[in-house]
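Here is the structure we will look at.
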2 protein chains.
Amino acid sequence: MALPLYCNNYNYSMNNSRFAISLHILTLLEKAKGELMSSDYIAGSININPVLVRKELSNLRNHGFVESKEGKNGGSSLAKSADNICLDEVYSAVKQNNLLGVSKNTPNPQCPVGKQINKHLDNLYESTEKVLLKELSGKTLADFSRAFD
Amino acid sequence: MALPLYCNNYNYSMNNSRFAISLHILTLLEKAKGELMSSDYIAGSININPVLVRKELSNLRNHGFVESKEGKNGGSSLAKSADNICLDEVYSAVKQNNLLGVSKNTPNPQCPVGKQINKHLDNLYESTEKVLLKELSGKTLADFSRAFD
DNA sequence: CTATATTGTAATTTATTTTGTTACAGTTTA
DNA sequence: TAAACTGTAACAAAATAAATTACAATATAG
């Protein structure tokens with residue numbers, strides 16, 4: 001009573017703390033009120049390697065949230081008002097995998113359920129993600145930052 | 001301009017495909033209409049190791065979704081009607097980490113932002129998770145299974 | 001103009017997490 | 001009583017994430 005094995009499609013996952021890191025960075029920059037903040041200082045607050053911070057800053061920059069200045073006394077600052085940064089945008093900027101789990105599953109196409117499950121899981125993931133994004137879109141970086149003492 | 005390093009609290013993460021696996025298992029069992037299905041057969045459909053299936057079945061059993069029979073001709077079946085299994089319950093049964101990312105961050109308590117960020121991230125994660133659960137609670141295993149041809 | 005502080009990024013290593021494998025005891029049934 | 005199962009534990013392998021090293025490029029202060 002065993003189905004023959006079979007494999008095929010493949011996807012990357014990514015369950016890491018990038019959302020937390022990005023939000024931490026953005027909060028620090030909001031509190032800095034436009035003053036440039038170095039990646040070393042940021043890394044010291046998050047307690048992670050400065051190179052990771054710079055990679056995350058690079059992504060945030062590509063999404064228009066921050067801008068950076070190179071050279072001595074350089075650093076980063078917000079590129080737009082914290083009122084205009086919604087958390088769904090931040091989530092979308094860092095998100096790389098599905099909300100409910102990785103999707104590198106390669107079910108057996110000879111099984112009637114296995115053959116279709118990815119399609120139905122995708123539908124489910126997509127609709128739940130929409131709800132999540134809608135929820136996050138109601139909160140701005142300014143709101144988040146304001147909650148700090 | 002660098003904050004001194006400091007570490008402390010620690011959490012486990014878990015970004016894997018357990019939700020997909022559990023839902024796959026439950027769908028197979030629903031389609032089996034009460035007939036016992038072996039972990040080897042299930043593993044063949046999902047295309048993963050049978051031991052992983054048995055571990056997941058163990059968890060589903062502990063949550064009252066399935067029952068299993070040991071010994072020759074043994075296997076598993078649903079312990080309750082697919083109408084009475086909501087997807088938020090399945091999610092809760094497999095979930096071990098935060099929705100928006102792992103939470104093993106150990107920010108610097110000497111930084112005013114680092115000191116409080118975990119509290120605020122937790123709040124955010126909690127409220128978004130509530131929304132997600134509410135969305136999933138509107139869908140049953142029967143609904144999910146029905147979508148298959 | 002030069003030393004220094006900084007960003008930006010690539011390449012590599014290390015750590016962590018997830019998945020798979022092996023092994024085997026216990027349970028039923030034919 | 002042999003065979004087909006479940007249930008777990010222990011370990012190995014693979015995949016992913018994070019840290020580290022290295023260094024070129026850039027800007028500023030002195």
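Here is how names work: the chains are called A, B, and so on, in the same order as the sequence lines, proteins then strands, and each is numbered from 1.
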If each of Ser58(A) and Arg54(B) is mapped to the nucleotide of DNA chain C with the nearest heavy atom, which maps nearer the 5' terminus, i.e. the 5' end? Ser58(A)
Starting at atom CG of Leu36(B), determine the distance to atom P of dT27(C), rounded to an integer number of angstrom. 18 Å
Distance check needed: dA17(D) C1' versus Phe19(A) CZ, whole Å only. 19 Å
Would you find a donor on one side and an acceptor on the other, under 3.5 Å apart, between the side chain of Ser17(A) and the backbone of Ala20(A)? no
How far apart are the C-alpha atoms of Asp40(B) and Arg54(B), what are their side-chain angles, what is the distance that settles it, and do they pass the side chain to side chain contact (heavy atoms under 4.5 Å, CB included) test? CA-CA 9 Å; Asp40(B) 263 36; Arg54(B) 296 206 281 269; 4.2 Å; yes
Among dT6(C), dT6(D), dA4(D), which nucleotide sits nearest the side chain of Ser38(A)? dT6(C)
Round to a whole Å and report the spacing from CD of Glu70(B) to P of dT28(C). 6 Å
Select base, sugar-phosphate, or nothing to describe what Ser76(B) touches, counting heavy atoms under 4.0 Å on all strands. nothing
Glu56(B) has an atom CD; how far is it from atom C1' of dG7(D), in whole Å? 14 Å
How are the rings of Tyr125(A) and Phe19(B) set to each other: parallel, tilted or perpendicular (split at 30° and 60°)? tilted
Output the rounded distance in Å from CD (Glu67(A)) to P (dG8(C)). 12 Å
Using modelled atom types only, decide if a donor and an acceptor are shared between the side chain of Ser92(B) and the backbone of Glu89(B) within a distance under 3.5 Å. no
Considering only heavy side-chain atoms of Lys72(B), the closest of dA19(D), dT29(C), dT28(D) is dT29(C)
Is there a side-chain contact between Arg61(A) and the phosphate of dG8(C), meaning an N or O under 4.0 Å from OP1 or OP2? yes
To the nearest 0.5 Å, what is the distance between OG1 (Thr128(A)) and OH (Tyr91(B))? 9.5 Å
Separation of atom CG in Asn73(B) from atom P in dT29(C), rounded to whole Å: 8 Å
Between Lys69(B) and dT29(C), is there a side-chain N or O to OP1/OP2 distance below 4.0 Å? yes
Determine: side-chain N/O of Ser17(A) to OP1/OP2 of dA18(D), distance under 4.0 Å, yes or no. yes
Distance test, side-chain N/O of Asn49(B) to OP1/OP2 of dT21(C), below 4.0 Å: yes
For Val51(B) and for Ser39(B), find the nucleotide of DNA chain D with the closest heavy atom, then tell me which residue's nucleotide is more 5'. Ser39(B)
Using whole Å, what does the distance between atom P of nucleotide dA19(D) and atom CG of Leu52(A) come to? 5 Å
Rounded interatomic separation in angstrom, taking NZ from Lys55(A) and C1' from dA10(C): 9 Å
